[in-house]
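Working notes, structure below.
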Amino acid sequence: MVPMRAAALTLLAMLAFAGNSIICRLALKQQAIDPASFTAVRLASGALVLAVIIVAHRARSDRNAGGWFSALALFLYAAFFSFAYLSLDAASGALILFGFVQVTMIGAALMAGDRPGGFEWSGWLLAAAGLTLLLLPGAQAPAPSGAALMALAGVAWGVYSIRGRQEAEPLLATSRNFTRSLLFVAGLALLSLAAGGTAHWSATGLLLAMLSGALTSGLGYVIWYAALNHLSSMQAALVQLSVPAIAAAGGVLLLAEPLSPRLVACGMMIIGGICVALVRKSRRLPA
């Protein structure tokens, strides 16, 4: 039984994670800021908030926390995520992101020697079929360029998550990775200038990017790590299935985005298939 405090923290964390999709899409849909600037402000704001929290808690210094490869994966996730939302709605973007995070983590598990059972394979195949159907060309299909970018964001986040499992101090590692990612942000700015890109932002755009970095990213991770102290690995994995659904609801209510029958059906296949596979995996592994 999950305590009420843990349930509240978990709900807040899932709202924060889904909020990243809604906030980013809102900022770019209104053309209040360009995606490169959104990425830069988001990561800088997250780095600042996490650094303040680390100092306030007087966390011990550990130079080995995080790493440059993890920081690169974090940056690539944030950059691809922002550019993808130029053409995706909040719901389809969150679903594609979530699907490819799982694809990456499944692939890593298979390479490490994990051998799923038949029922588990059925769940993964159902989820893969839903993801494939969602991405097939058609009137209701997501924009191909946006879908490809979000798929890359999902792979990057999957890599970041896999590496994060090895961290003894995940909050400190996250703070260090956000700070290190700013070097790559500087590289993105130079690349954008060299390519003739024109940065633009408004007060609204900057505010939304700062909210995404400080609130739904920085504080969101702090809340999530606090909730993880009360959740089993299976509970933590299953509860994250709610993020695409929350993002879809937010897109409908806050951004007036339509929910197509294709998106709903594919979403049910993806989330349902992953849920089945995770439950079967938990029964297969030793306690």
Side-chain angles (χ1 to χ4, degrees), residues 2-3 5-20 23-24 38-82 97 101 104-105 108-109 112 153-188 209-237 239-240 243:
V2 179
R5 180 174 180 274
L9 289 172
T10 301
L11 176 60
L12 285 174
M14 296 306 101
L15 289 172
F17 294 161
N20 276 321
I23 291 172
C24 185
F38 185 95
T39 302
V41 175
R42 178 187 178 188
L43 290 174
S45 300
L48 178 60
V49 166
L50 287 167
V52 169
I53 292 171
I54 292 298
V55 171
H57 283 75
R58 298 179 180 177
R60 63 182 179 83
S61 178
D62 182 359
R63 294 183 179 181
N64 294 322
W68 284 105
F69 189 81
S70 293
L72 175 61
L74 173 64
F75 163 75
L76 290 175
Y77 149 72
F80 288 136
F81 181 92
S82 298
L97 175 73
V101 168
T104 303
M105 298 183 78
V155 172
W157 187 251
V159 170
Y160 185 81
S161 300
I162 292 167
R163 291 181 62 81
R165 288 176 172 175
Q166 304 167 10
E167 296 289 349
E169 297 287 343
L171 182 56
L172 179 60
T174 301
S175 176
R176 294 286 177 82
N177 289 332
F178 263 79
T179 301
R180 290 186 179 104
S181 74
L182 299 182
L183 179 63
F184 301 111
V185 167
L188 175 63
M210 286 188 286
L211 282 174
S212 178
L215 185 62
T216 57
S217 294
L219 287 178
Y221 297 146
V222 173
I223 294 170
W224 177 233
Y225 293 136
L228 284 176
N229 291 328
H230 306 280
L231 301 174
S232 68
S233 297
M234 180 51 51
Q235 288 171 330
V239 76
Q240 292 180 74
V243 173

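We're numbering straight along the sequence, starting at 1.
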[X]: what forms a side chain to side chain contact (heavy atoms under 4.5 Å, CB included) with it, not counting sequence neighbours?
X      : answer
Ala16  : Thr216
Val243 : Met14, Phe17, Ala18
Tyr225 : Pro170, Leu171, Thr174, Tyr221, Leu228
Leu72  : Phe75, Leu76, Phe184

### Message
Taking Trp68's backbone N and O only, do any of them form a donor-acceptor pair with Asn177's side chain (distance below 3.5 Å, no angle check)?
### Response
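Side chain of Asn177 to backbone of Trp68, a donor-acceptor pair under 3.5 Å: no, none is there.
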
### Task
Examine distances only and state if a side-chain atom of Ser217 and a backbone atom of Ser212 form a donor-acceptor pair shorter than 3.5 Å.
yes

Any side-chain heavy-atom pair of [X] and [Y] under 4.5 Å:
X      : Y      : result
Trp224 : Leu9   : no
Phe178 : Val49  : no
Arg180 : Leu74  : no
Leu50  : Val222 : yes

### Task
Name all residues meeting the ring pair (Phe, Tyr, Trp, His ring centres under 6.0 Å) criterion together with Phe81; count only those two or more places apart in sequence or in a different chain, and write none if there are none.
Tyr77, Tyr85

### Query
Could you state the interatomic distance from CG (Leu15) to OG1 (Thr10), rounded to the nearest 0.5 Å?
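One gets 11.0 Å once the value is rounded to the nearest 0.5 Å.
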
#### Entry: Residue pair Arg42, Asn20: steps toward the side chain to side chain contact (heavy atoms under 4.5 Å, CB included) verdict
CA-CA 10 Å; Arg42 178 187 178 188; Asn20 276 321; 3.4 Å; yes

Could you report the tightest heavy-atom contact between [X] and [Y], atom names first, then the distance?
X      : Y      : result
Leu43  : Val185 : CD1-CG2, 3.6 Å
Ala73  : Ala156 : O-CB, 3.5 Å
Gly154 : Thr104 : O-OG1, 4.1 Å
Ala108 : Ile162 : CB-CD1, 3.4 Å
Ala6   : Ala227 : O-CB, 4.3 Å

### Task
Could you pull out all residues at least two apart from Thr39 that satisfy side-chain hydrogen bond (donor to acceptor under 3.5 Å, both in side chains)?
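Partners of Thr39 under the side-chain hydrogen bond (donor to acceptor under 3.5 Å, both in side chains) test: Ser82.
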
